[in-house]
There are 2 protein chains.
Amino acid sequence: MEMLMPDQKLRNMLQERGLKATSQRMIILDYLMSHKTHPTAEMIHADLQSISLATVYNTLEKLIETGLVVVIDVNDDKRHFDYYGKPHYHIINQETHEIIDANNFDVQPLIDAARKASGLNISGYHIELYGIDPKDAK
Amino acid sequence: MEMLMPDQKLRNMLQERGLKATSQRMIILDYLMSHKTHPTAEMIHADLQSISLATVYNTLEKLIETGLVVVIDVNDDKRHFDYYGKPHYHIINQETHEIIDANNFDVQPLIDAARKASGLNISGYHIELYGIDPKDAK
DNA sequence: CTCGATTTTAGAATCATTCTAATATAATAA
DNA sequence: TTATTATATTAGAATGATTCTAAAATCGAG
């Protein structure tokens, strides 16, 4: 199980957020940081066979709570997960379900507007745009 | 079953989008247009008892396909549905699951950015921001 | 090193959503 | 109108992603 991130860095990322640095959590976090495939829980479990599916779900929940990971809704009845290193949003091809990470838009004004509209402290967000390839137009 | 929208208007909205104007579809569309409660399929079914749950789901699917309705992801394991009359985005209180419709942000620049980043024609989007009441800060 | 709190785990359970296939209906043409 | 046909509705069964359970393992503070 090659760690692509240094062990100590993963440990720190978890502990800084109040999470115990278990080997399973480090492996899953490393997996998400080093894959751009936006996997489902089942895909992560399939690749990391030594880790139970329940732990994959439990870990993802903790990583989401602490902001390290976000969920992407692809409209395929399963949640996809994405390491949230830098602010970005998602563009989803409605036909192929391909997911594109994009960051050519500053979300801060949207966050400010939401705080103003709601009075809440914004702790996270989902931005997903769905698109169709012009080549596929009927 | 009081129709709050004129019957003919509902009929036209459906037919303009290539959907047969069945009584069930008119009732469900009217329900969504006249409620700001962001109901789940089960809630709609409970209120409109004469319409089967399968039809509620089938109809919602059609209304989503044609852009009349959008899905809101509240993180409570059920989809919530919202009539999409005017462009808006959603702010969700993470503790109470309350949903706020907000429109104090112009989404067109985001749509333009997404088209530029992906080359796709953007056909829809989800914008959801999650927030915590400052009064509940620990 | 100890110990308690937390985490992991396999398998069972849940339940929102989809599917099935039989019946009913809307929209079109005669 | 009425006939025709594609489409929609329905009850109930099936699906499957996710959550739950409770027993065993492990982290990390002291």
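Note on naming: letters A, B, ... go to the chains in the order of the sequence lines (proteins, then strands), and numbering restarts at 1 for each one.
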Separation of atom CG in A:L14 from atom C1' in C:dT6, rounded to whole Å: 14 Å
- prompt: Can you check the A:I44 CD1 to D:dA17 P distance for me, whole Å?
  reply: 14 Å
query: According to a 4.5 Å side-chain heavy-atom criterion applied to Ile, Leu, Val, Met, Phe, Trp and Tyr, with indirect links allowed, do A:I51 and A:L14 form part of one hydrophobic cluster?
result: yes
message: Quick check: closest heavy atoms across A:A41 and A:L53, and the distance to 0.1 Å?
response: O-CD1, 4.0 Å
- prompt: Taking only residues at least two apart or on different chains, which pairs with a member in residues 112-127 of chain A satisfy salt bridge (Lys or Arg N to Asp or Glu O under 4.0 Å)?
  reply: A:D112-A:R115
message: Tell me the bend of the helix from C:dC1-D:dG30 to C:dA30-D:dT1 as the angle between end helix axes, each from five pairs, rounded to the nearest 10 degrees.
response: 50°
query: Which residue pairs satisfy the side chain to side chain donor-acceptor pair (under 3.5 Å) criterion with at least one member in residues 82-91 of chain A, sequence neighbours excluded?
result: A:D82-A:H88, A:D82-A:H90, A:Y84-A:Y125, A:H88-A:H90, A:Y89-A:N104, A:H90-A:D101
field: Distance, rounded to the nearest Å, where A:E65 contributes CD and C:dT7 contributes C1'
entry: 14 Å
message: I need the CD-P distance between A:Q49 and C:dT9, as an integer number of Å.
response: 13 Å
Please list, one pair per line, the donor and acceptor atoms closer than 3.5 Å that link side chains of residues 54-62 of chain B to other protein atoms, with sequence neighbours excluded.
{"unit_1": "B:T55", "atom_1": "OG1", "unit_2": "B:S52", "atom_2": "OG", "d": "3.1"}
{"unit_1": "B:N58", "atom_1": "ND2", "unit_2": "B:A54", "atom_2": "O", "d": "3.3"}
{"unit_1": "B:T59", "atom_1": "OG1", "unit_2": "B:T55", "atom_2": "O", "d": "2.8"}

query: Whole-Å distance between C:dT7 P and A:L29 CG?
result: 15 Å
- prompt: What are the two closest heavy atoms between A:R17 and A:M13, and how far apart are they?
  reply: NH1-O, 2.9 Å
message: Could you list the cluster mates of B:I92? Members are the ILVMFWY residues connected by side-chain heavy atoms closer than 4.5 Å, either directly or through other members.
response: B:I72, B:V74, B:I99, B:Y130
task: Using whole Å, report how far CG of A:L63 lies from P of C:dT8.
output: 10 Å
- line: For nucleotides 14-30 of chain C, 5' to 3', base contacts (B), sugar-phosphate-only contacts (S) and non-contacts (-) with protein non-hydrogen atoms under 4.0 Å give --SBBB------BS---
task: Check whether any side-chain heavy atom of A:E42 lies under 4.5 Å from a side-chain heavy atom of A:K78, and answer yes or no.
output: no
message: In whole Å, I'd like the distance from the CE atom of A:M43 to the C1' atom of D:dT18.
response: 17 Å
query: B:M26 has an atom CE; how far is it from atom C1' of D:dA8, in whole Å?
result: 13 Å
query: Any side-chain heavy-atom pair from B:I132 and B:N93 closer than 4.5 angstrom?
result: no
